[in-house]
Amino acid sequence: MSGMRVPTVIALSVAATIGVHAQAGVSETPDSLVTAAKRAAGVDYSGTFLRICVAPDNLAPAAARGGGPARPVVPDRATWYAKPYKVFDNLYFVGTRIHSAWALTTSEGIVIIDTLFHYAIEPEIVEGLNALGLDPRSIKYVLISHAHGDHDQGAALLQSRYGAKIVMGAADWESTLQRPSTAVGGVPKRDVVVGPGGLKLTLGDTTVDIIATPGHTPGTLSYVFPVKDGGRRLMAVYAGGTAFNFPRRAENFAVYRDSQRKMTEVAEAAGATVLMTNHTEFDRAYDRVRLAQLPRVAGEKHPYETDTKTVLRYFEMSADCAEAQRLSMK
Ligand SMILES: [Zn+2]
């Protein structure tokens, strides 16, 4: 980024902080935080706001929660199958209508980000790459945002069939390696372990900045990486874990909150203007990837491009929602 743009980004951020955290300080209450989060969410992140501020999963009895590791039943394909799409010059959507998976192409091969439930790996990722003219044998790394079945059940197949290296947070490797060998999708062997300090992963001409963001799971990872839109370079931030379906304890919300605050700083430093998540309900991925197929008039932004202030609002919202839950437990 040029020196000229830095003051602009900082000014926007300060304005956003003042606007969103008008009641910051000793007077913060669960209600004031939810109000601030609602304002930060706007219409951009209403799906995430509703999920974690209005109806947190872990308010419900454990048996009613989703997101568990095993889901052997295959739902009707018509409810989840999505075609693959080229979305940026170097980023391809190979997810379902519900869960995102991406192929980030580099000069030395492909990085896959998240791997869906077991039933979707062949039709979406393997056949999707082939349909897009990409070779699954070129997959070098598979980044797992966190070890829940909707994102990691395809990892073992990509590792055993194509020799891809699996990248996961240290704590999520531990839970993964405790699974029985009969686990749905299989169990990947330990490859790249990301600790609390994160990791910069470089493949050819592309570097993915991997940030440890514990909260949704202890080993949740988030990412910053460049995407290109007609040759224009934009920085994308990928939030790796969202729902509050962890045990409902104050310290867990504090860990989650601190990770979101860290991502606010990371996104600002990167000058990120694209915010992505791993469930389509949280970033409207399925809408955006289809909108990205349509022609644009001169000067019209890519459907995923916003501005840094809007990206920061995502993490301000998620931090406030976590803090609201934490304070409500005292
Ligand atoms: Zn999850």
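One-based numbering, in listed order, for ligands and for the atoms of each.
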Tracing side-chain contacts under 4.5 Å among Ile, Leu, Val, Met, Phe, Trp and Tyr outward from Val297 reaches none

When you measure from the Zn ion (ligand 1) to each N, O or S atom of His148, which atom gives the shortest distance? ND1

Within 2.8 Å of the Zn ion (ligand 1), is there any N, O or S atom belonging to His151? no

Residues passing the side-chain hydrogen bond (donor to acceptor under 3.5 Å, both in side chains) test with Asp191, sequence neighbours excluded, are Gln159

Angle, NE2 of His216 through the Zn ion (ligand 1) to NE2 of His146 - 10° precision: 90°

Could Arg290 and Tyr286 be counted as a cation-pi pair, given that NZ or CZ must be under 6.0 Å from the ring centre and within 45° of the axis? yes

Testing Thr242, Asp57, Asn245 for side chain to side chain donor-acceptor pair (under 3.5 Å) with Arg51, which one passes? Asp57

